[in-house]
Amino acid sequence: MLEEIKKIQGINHSDFDNMINIWIEAAELDLKGIGIVDTEVDNPNSLVKNAIITYVLSFLDVTNSELYAKSYSLQKDVLRHTTEYIEANNGI
């Protein structure tokens with residue numbers, strides 16, 4: 001995902017790789033924290049992957065950070081309310 005995010009932002013160096021990887025991990029932990037199944041986060045399909053990328057862009061793209069943050073919030077809400085992504089034992 002690192003390389004995809006760098007390509008989206010037109011980044012062709014490794015100066016921000018560590019920070020981007022931290023944000024990717026933070027997004028994964030955030031999704032797991034709301035009950036998204038670990039396997040869905042660890043091996044993301046396009047819906048989960050898009051949410052993670054959007055989360056990272058909310059920090060990386062300062063000009064559009066609010067737009068990306070709102071989009072991530074909406075995507076996270078969709079995932080949280082889609083049965084196949086939710087852990088069976090979290091009471092939802």
Side-chain angles (χ1 to χ4, degrees):
M1 234 179 295
L2 172 65
E3 292 305 318
E4 290 177 70
I5 292 167
K6 288 171 63 173
K7 186 174 182 178
I8 291 168
Q9 287 300 107
I11 299 170
N12 57 8
H13 53 77
S14 61
D15 295 351
F16 302 114
D17 286 7
N18 187 50
M19 217 46 238
I20 293 170
N21 282 322
I22 288 171
W23 290 326
I24 291 170
E25 182 180 356
E28 293 170 346
L29 291 171
D30 187 49
L31 292 173
K32 289 177 182 180
I34 63 162
I36 305 301
V37 180
D38 287 359
T39 55
E40 294 290 344
V41 176
D42 296 336
N43 299 302
N45 63 18
S46 58
L47 193 61
V48 175
K49 192 175 190 179
N50 190 57
I52 293 169
I53 290 171
T54 302
Y55 178 93
V56 174
L57 292 177
S58 75
F59 292 98
L60 191 58
D61 185 341
V62 178
T63 304
N64 298 303
S65 62
E66 188 175 335
L67 174 75
Y68 283 119
K70 287 179 182 179
S71 179
Y72 174 70
S73 181
L74 291 171
Q75 291 175 60
K76 188 167 73 167
D77 198 46
V78 167
L79 292 170
R80 182 184 357 211
H81 291 97
T82 305
T83 309
E84 69 187 86
Y85 295 104
I86 298 298
E87 304 237 11
N89 63 356
N90 73 355
I92 292 180

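The figures here come from the full heavy-atom set of this structure, side chains too, leaving out hydrogens, waters and symmetry mates. Numbers here are sequence positions counted from 1. This is a predicted model, so every value here is computed, not measured.
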Stepwise side chain to side chain contact (heavy atoms under 4.5 Å, CB included) test for Lys6 and Asn12: CA-CA 7 Å; Lys6 288 171 63 173; Asn12 57 8; over 6 Å; no
Please name all residues satisfying salt bridge (charged side-chain N to carboxylate O under 4.0 Å, His left out) with Asp77, sequence neighbours left out, ordered by chain then number. Arg80
Under 4.0 Å between a Lys/Arg side-chain N and an Asp/Glu carboxylate O for Glu66 and Lys70? yes
Taken in chain and number order and not counting sequence neighbours, the residues that satisfy salt bridge (charged side-chain N to carboxylate O under 4.0 Å, His left out) with Lys76 are Asp30
Roughly how far, to the nearest 0.5 Å, is CG of Asp15 from CD1 of Ile20? 10.0 Å
Answer yes or no: is there a side-chain heavy-atom contact under 4.5 Å between Val48 and Leu79? yes
Residue of the set Ile5, Ile8, Leu2 for which side-chain contact (heavy atoms from CB on, under 4.5 Å) holds with Val56: Ile5
For the pair Tyr55 and Tyr72, name the ring-plane relationship: parallel under 30°, tilted 30 to 60°, perpendicular over 60°. perpendicular
Output the distance between atom OG1 (Thr54) and atom CG (Asp61), rounded to the nearest 0.5 Å. 11.0 Å
Does one hydrophobic cluster hold both Met19 and Met1, with members joined at side-chain heavy-atom distances below 4.5 Å? yes
Please tell me whether Ile22 and Ile11 are part of a single hydrophobic cluster in this structure, the criterion being side-chain heavy atoms less than 4.5 Å apart. yes
Which residue pairs pass the ring pair (Phe, Tyr, Trp, His ring centres under 6.0 Å) test with at least one member in residues 28-51, sequence neighbours excluded? none
With sequence neighbours excluded, residues passing side chain to side chain contact (heavy atoms under 4.5 Å, CB included) with Ser58: Tyr68, Ala69
Return yes if some donor-acceptor pair links the side-chain N/O of Asp38 with the main-chain N/O of Val41 below 3.5 Å, else return no. no
Indicate yes or no: at least one non-hydrogen side-chain atom of Val37 is less than 4.5 angstrom from one of Ile86. no
Residues which pass ring-ring contact (aromatic ring centres under 6.0 Å, His included) with Phe16, listed by chain and number, not counting sequence neighbours: His13
Sequence neighbours excluded, which residues qualify as side chain to side chain contact (heavy atoms under 4.5 Å, CB included) partners of Thr82? Val78, Glu84, Tyr85
Dump the intermediate steps for side chain to side chain contact (heavy atoms under 4.5 Å, CB included) on Leu47 and Gln75, then the final yes or no. CA-CA 8 Å; Leu47 193 61; Gln75 291 175 60; 5.8 Å; no
